[in-house]
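Treat the numbers as computed from the prediction; the structure is a model and nothing was measured.
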Amino acid sequence: MATSASNVSEKLAKAKAAVDPDYVPSDDEEYMGDRQLDYFRMLLLDWKKSIHDAAGQTLQSLQDGPIREPDLNDRASSETDWGIELRTRDRQRKLISKIDSALRRIDQGEYGWCEVTGDPIGLRRLIARPVATMTVEAQEAHERKEKISRDD
């Protein structure tokens with residue numbers, strides 16, 4: 001994991017060097033031009049690095065030793081907290097695969113375009129959810145379809 005984290009750090013440093021610190025994508029420029037792609041690459045790599053850092057802290061805490069609370073209620077509370085922490089890390093592990101997928105789409109020139117309709121996803125949506133693969137409308141239709149199939 002240390003190699004992966006250092007690799008992410010190196011890529012993040014390169015991405016940050018390519019983006020002006022004050023830059024924010026705007027509708028006035030070419031959609032998914034080089035500046036915007038560099039910005040989203042930096043955003044995704046930064047997000048991935050923060051997840052790796054948090055996972056490293058959790059791992060370190062686990063290695064520091066088992067929970068030794070003398071009081072049963074305190075021990076149960078600590079175990080519940082650890083359960084929540086580990087579930088959070090599992091969700092973040094799944095998020096890393098979505099981040100990696102988004103980074104691949106940037107490299108392939110597919111980032112920012114809806115995988116269903118081919119329309120632009122939109123800057124506001126991508127800034128809010130950089131791993132988005134569909135427009136809001138396509139996502140809503142997908143979720144309605146999923147709900148209908150679950151109800152059947």
Cationic N near anionic O, under 4.0 Å, Asp38 to Arg41: yes
Which residues share a side-chain hydrogen bond (donor to acceptor under 3.5 Å, both in side chains) with Glu30, sequence neighbours left out: none
Thr88 side-chain N/O to Ile84 backbone N/O, donor-acceptor pair under 3.5 Å: yes
Partner residues of Arg93 under the side-chain hydrogen bond (donor to acceptor under 3.5 Å, both in side chains) criterion, sequence neighbours left out: Asp90
CD1 on Ile121 to CD on Gln139, rounded to 0.5 Å: 9.5 Å
Side chain to side chain contact (heavy atoms under 4.5 Å, CB included) against Glu115, all qualifying residues, sequence neighbours excluded: Thr133, Met134
Interatomic spacing from NZ in Lys145 to CD in Glu143 - rounded to 0.5 Å: 13.5 Å
Side chain to side chain contact (heavy atoms under 4.5 Å, CB included) involving Trp113 - partner list, sequence neighbours excluded: Tyr31, Met32, Pro120
CD1-CH2 distance between Ile96 and Trp47, expressed to the nearest 0.5 angstrom: 10.5 Å
Exceeds 12 heavy-atom contacts within 6.0 angstrom, atom CZ of Arg89: yes
Worked check of side chain to side chain contact (heavy atoms under 4.5 Å, CB included) between Arg129 and Arg124: CA-CA 9 Å; Arg129 183 81 177 147; Arg124 288 187 354 196; over 6 Å; no
Interatomic spacing from OG in Ser97 to CD in Gln92 - rounded to 0.5 Å: 12.5 Å
same_hphob_cluster(Ile127, Leu45) at 4.5 Å side-chain heavy-atom cutoff: yes
Side chain to side chain contact (heavy atoms under 4.5 Å, CB included) between Glu146 and His142, worked out: CA-CA 6 Å; Glu146 263 187 356; His142 174 73; 3.4 Å; yes
Residues in salt bridge (charged side-chain N to carboxylate O under 4.0 Å, His left out) contact with Asp119, at least two apart in sequence or another chain: none
Pro130 and Tyr111, any side-chain heavy atoms less than 4.5 Å apart: yes
Exam field: side chain Thr117 to backbone Cys114, donor-acceptor pair closer than 3.5 Å: no
Lys49 with Asp53: basic N within carboxylate O range, under 4.0 Å: yes
Side chains of Ile99 and Ile51 in contact at under 4.5 Å (non-hydrogen atoms): yes
Hydrophobic cluster identity match, Leu126 and Val116, side-chain contacts under 4.5 Å: no
Solution key, residues 19-26 side-chain donor-acceptor pairs under 3.5 Å, sequence neighbours excluded:
from	atom 1	to	atom 2	distance (Å)
Asp20	OD1	Asp22	N	3.4
Tyr23	OH	Glu29	OE1	3.1
Tyr23	OH	Glu29	OE2	2.6
Ser26	OG	Asp28	N	3.4

Side chain to side chain, Leu44 and Asp100, heavy atoms closer than 4.5 Å: no
